[in-house]
> 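Pasting a structure below so you can have a look.
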Amino acid sequence: KRVADRIAAIRALVGDAEFNARSTAQVARWLYEKKGYTAPLATDGDPWETGKAPSTGEPALRLLLAQGVDQQTKEFIDGLIGIRSDTKLASTYIGLRRDDDDQVVSTAAAIRTESRPVSWSSNAESVQLLVAHPDWYIHVPVTGRWSSSPNMQNWPELGEHNLRSMYAAAPGHILCGADYQAIELRLYAVLSGDQILLDAFARGTDPHVLNAATMLAGNQSEIPRIYREIDNALKDVRRRWRMVAKRFVYLTIYEGQEAKLFTTMSLDTNPDGTPMFPNLQPSDVARWFRGWHGSHPWTMEWQHRCVRAFRQVGFVSTLIDGRKRFFRGGLDGPAIVNHGVQGSAASIINRGIRGVAAAIPHRGWSPWSGLVLQVHDFLGVQVPEDQKERAKEILRSEMEWVESGTGMRFPVELKEGRRWSDL
C-alpha cells in the first residue's frame, strides 16, 4: 500500500499519470534533462563526466540532496528512495503465501507449520503455530559473530510498521532478552587506552553524550560545559546528539577518514528510507573530526599500533580468546582495526551463548523453551511465563563480564515481552 501511495504521489508531482518511478531511464531524464541537474555520480560509482551514464542510485540521489535541490526535486527524491526501500522490505521480509498443499510458506524465511504440546504433561493440549526456523552459521563471519539465513539480525524496525511484531512467543511463554550496553565502545576504550572513555565508564558518565561534547569542543576545557548542555537539553535534542555521536564515533574508530565520513553519514537512512542525518554538511563532519582527534589522541595511536602489529606477525587477534584473522589479500587498515573490536565482541557474546544454552537448554524447560535469538549484541530466550525471572537472572549472570586488565565491566540490559518488537 505504501509503495502504491508513493508511486501515485510521484506521478502527481511530475504531472504525468504514466510516469514509471521504477524506470532508471525515466528518472534520469526527469532529474538530469527536465530539471537540469548535473549527475554527481556515474553508474560505475565514479564522479560523472561527459560520455558516462548518469547514476540514479541512492548514493547519487543523496549527494544531490546534499548539494541542494528545489522542493519539488526533494519530494521526488524522497519519494523515490521510499519506493525502493518499501519494495525491498515487502519482497525480502513479508513474502508469505500458500503452497500447493495449502501450507503457509515464506519466500523470505524458513517458516513452517508445527504442532507441539503446550506443556510437558502427557495429556497437554497440542497447539499448531507457524514457526520460523532460520539456519544459524557460527563460522562464517571472520569475526566469530553468528549469522543466519534468512538474516534475522537485520529484521527491520519501522515504528508503527515494526516487522518484528510478526514474531511472538508461544502460548503460555514469554521472550526474555539481554542486550550488551555499548560493548564496542567499551572494547575500543580497553584496546586503545582512551583515558577519557575509560574514566567515563568508571564514573557512570553517559559515553555517547560525552563523545558528542568532545566532537563539538574546540579545546578540552569546553568539554564539561558542552556535556552539561547536551545532557540537560530537551529529550529530542539529547537523543539526536547521542545518535550522531554513535554513528560518527564508530565510523571514526574503525579508521574512517575525514573525506569519507560525510559521504557515509549522508547516505545513512532510517528503516523507512528517510535520511538519518538530514541537513548534514561537510563542514559539520570536518569540525567533529578535528574535535574528536584533538580530544582523543589515543584513537590514531591505536589504529597505527594495530597495523604495525599485523605487519610484524601477519595476523590480528582478539582480546579474549585470541581468534586470529589473516589478511591474505594484503594490508586492509580499517578491517584490521575492526577485527580487534568486532572479534572481541563476538568472543564475549559467544561466551554468553554457551552459558545461557547450558543453563536454559533447548526444549529443556518446555517443548518451546531455549535460546531463540542472537541479534548483534542481544541474546533472547523463550521460556514459560512463570520462569521469566529465573531466565533473566541466568541471562545476567552468564552474559555479564569484567575485563581484568582495566576492570571494565560489560553489563547487559534485561528485557521481556510477548513479541520480538517488545524487546
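These numbers were taken from a predicted model, which means no experiment stands behind them. Worth knowing before you read on, the calculation uses all heavy atoms, side chains too, and leaves out hydrogens, waters and symmetry mates.
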> So does Ile174 get a backbone contact from the side chain of Arg418, meaning a donor-acceptor N/O pair under 3.5 Å?
no
> Could you check whether any side-chain N or O of Gln382 sits under 3.5 Å from a backbone N or O of Ala170, counting only pairs where one atom can act as donor and the other as acceptor?
yes
> When you measure from the side chain of Asn350 to the backbone of Gly144, do you find a donor-acceptor pair of N or O atoms at a distance under 3.5 Å?
yes
> Quick one, Ile348 with Ile183, criterion side-chain contact (heavy atoms from CB on, under 4.5 Å). Give me CA distance, side-chain angles, the key distance, then yes/no.
CA-CA 9 Å; Ile348 295 173; Ile183 187 172; 4.1 Å; yes
> Assess, by modelled atom type and distance only, whether the side chains of Tyr250 and Asn338 contain a donor and an acceptor separated by less than 3.5 Å.
no
> Are Phe327 and Phe310 an aromatic pair by the rule of ring centers under 6.0 Å?
yes
> Would you mind reporting whether Asp377 and Phe410 have side-chain heavy atoms less than 4.5 Å apart?
no
> Could you measure the distance from the CE atom of Met399 to the CZ atom of Phe378? Nearest 0.5 Å is fine.
8.0 Å
> Do Thr214 and His296 come within less than 4.5 Å of each other through their side chains, counting heavy atoms only?
yes
> What pair of heavy atoms forms the shortest contact from Leu129 to Pro171, and how long is it?
CD1-CD, 3.6 Å
> Are any non-hydrogen side-chain atoms of Thr264 and Leu251 less than 4.5 angstrom apart?
yes
> In terms of side-chain geometry, is the basic nitrogen of Asp206 or Arg242 positioned less than 4.0 Å from the acidic oxygen of its partner?
yes
> If you compare all heavy atoms of Gly333 against all heavy atoms of Val307, which two are closest, and at what distance to 0.1 Å?
CA-CG2, 4.3 Å
> If you measure from CD on Gln387 to CD1 on Ile394, what distance do you get to the nearest 0.5 Å?
8.5 Å
> Does this structure show an ion pair linking Arg62 with Asp268, if we count only N-O contacts that are shorter than 4.0 Å?
no
> Begin with the C-alpha distance, continue with both residues' side-chain angles, and end with the deciding distance and a verdict on side-chain contact (heavy atoms from CB on, under 4.5 Å) for Val127 and Trp368.
CA-CA 11 Å; Val127 63; Trp368 298 94; 3.8 Å; yes
> Does Arg225 come within less than 4.0 Å of Glu229, counting only side-chain N to carboxylate O?
yes
> Apply side-chain contact (heavy atoms from CB on, under 4.5 Å) to residues Cys306 and Val316 and explain how you reach the verdict.
CA-CA 8 Å; Cys306 290; Val316 182; over 6 Å; no
> Below 4.0 angstrom, N of the basic side chain to O of the carboxylate: do Arg351 and Asp321 qualify?
no
> May I ask you to check whether over 12 heavy atoms, not counting those of His133, lie within 6.0 Å of atom NE2?
yes
> Parallel, tilted or perpendicular: which one describes the rings of Trp420 and Trp155, with boundaries at 30° and 60°?
tilted
> Any non-hydrogen side-chain atom of Leu175 less than 4.5 Å from a side-chain atom of Leu423?
yes
> Using only heavy-atom distances, determine whether the side chains of Ser369 and His173 contain a donor-acceptor pair under 3.5 Å.
no
> Validate the cation-pi geometry between Arg390 and Trp365: distance from NZ or CZ to the six-membered ring centre under 6.0 Å, angle to the ring axis within 45°.
yes
> To the nearest 0.5 Å, what is the distance between CG (Leu395) and CG (Leu379)?
7.0 Å
> Between atom CG of Leu319 and atom CE of Met408, what is the distance when rounded to the nearest 0.5 Å?
11.0 Å
> Taking the side chain as every heavy atom from C-beta outward, state whether Tyr254 and Thr252 have any atom pair closer than 4.5 Å.
no
> Before accepting this row, confirm whether a basic side-chain N of the pair Arg239/Asp236 lies closer than 4.0 Å to the acidic partner's carboxylate O.
yes
> Consider only side-chain N and O atoms of Glu301 and Ser192, and report whether a donor and an acceptor are under 3.5 Å apart.
no
> Do Tyr32 and Tyr37 have ring centres separated by under 6.0 Å?
no
> Regarding Asp194 and Arg186, does a basic nitrogen lie under 4.0 Å from an acidic carboxylate oxygen?
no
> Judged by atom type as modelled, is there a donor-acceptor pair below 3.5 Å linking the side chain of Asn232 to the main-chain atoms of Arg228?
yes
> Parallel, tilted or perpendicular: which describes the rings of Tyr188 and Trp292, with under 30° parallel and over 60° perpendicular?
tilted
> When rounded to the nearest 0.5 angstrom, what distance separates CZ in Arg240 from CD1 in Ile230?
10.0 Å
> With a sphere of 6.0 Å drawn around CG of Asn279, does it hold more than 12 non-hydrogen atoms of other residues, nucleotides or ligands?
no
> Salt bridge check, Lys392 against Glu416: does any charged N sit closer than 4.0 Å to a carboxylate O?
yes
> Which heavy atom in Lys388 sits nearest to a heavy atom in Val383, and how many Å separate them?
CA-CG2, 4.1 Å
> Do any N or O atoms from the side chain of Thr205 and from the backbone of Phe201 form a donor-acceptor pair under 3.5 angstrom?
no
> Find out whether Trp288 and Val244 are in side-chain contact, i.e. whether some heavy atom of one side chain is under 4.5 Å from a heavy atom of the other.
yes
> Side chain of Arg419, backbone of Ser165: donor and acceptor closer than 3.5 Å?
yes
> Does the pair Asp70/Lys74 count as a salt bridge with the N-to-O cut at 4.0 Å?
no
> Take Arg6 and Asp78, measure what salt bridge (Lys or Arg N to Asp or Glu O under 4.0 Å) needs, and give me the verdict at the end.
CA-CA 10 Å; Arg6 291 184 193 275; Asp78 288 343; over 6 Å; no
> Under the side-chain contact (heavy atoms from CB on, under 4.5 Å) test against Trp302, which residue among His304, Arg305, Met300 passes?
Arg305
> Check whether Glu58 reaches the backbone of Ile81 with its side chain - one donor and one acceptor, N or O, closer than 3.5 Å.
no
> Considering non-hydrogen atoms only, spot the tightest contact between Ile226 and Ala213 and give its length.
CG2-CA, 3.7 Å
> Ser148 vs Asp135, test: side-chain contact (heavy atoms from CB on, under 4.5 Å). Steps then yes/no.
CA-CA 5 Å; Ser148 70; Asp135 294 321; over 6 Å; no
> Can Gln342 and Glu184 be counted as having a side-chain donor-acceptor contact under 3.5 angstrom?
yes
> Fit a plane to each ring of Trp30 and Phe76, take the angle between them on a 0 to 90° scale, and name the class: parallel (under 30°), tilted (30 to 60°) or perpendicular (over 60°).
parallel
> Just by distance, no angles: are the side chains of His293 and Thr299 close enough, under 3.5 Å, to form a donor-acceptor pair?
no
> Taking Gly405's backbone N and O only, do any of them form a donor-acceptor pair with Glu403's side chain (distance below 3.5 Å, no angle check)?
yes
> Can you find a heavy atom in the side chain of Gln374 that is under 4.5 Å from one in the side chain of Trp136?
yes
> What verdict does the salt bridge (Lys or Arg N to Asp or Glu O under 4.0 Å) test give for Lys415 and Asp422, after you've listed the backbone C-alpha separation in whole Å, the side-chain angles of each residue and the deciding distance to 0.1 Å?
CA-CA 8 Å; Lys415 303 174 182 180; Asp422 298 334; over 6 Å; no
> Verify, without hydrogens or angle tests, whether Glu114 (side chain) and Gln128 (backbone) share a donor-acceptor contact under 3.5 angstrom.
no
> Can you tell if the side chain of Val341 reaches within under 4.5 Å of the side chain of Thr318, non-hydrogen atoms only?
no
> How close do Ala178 and Leu414 get, heavy atom to heavy atom, and via which atoms?
CB-CD2, 3.8 Å
> If you round to the nearest 0.5 Å, how far is OG of Ser147 from CG of Asn154?
10.5 Å
> Could you report the tightest heavy-atom contact between Met243 and Met276, atom names first, then the distance?
CE-O, 3.8 Å
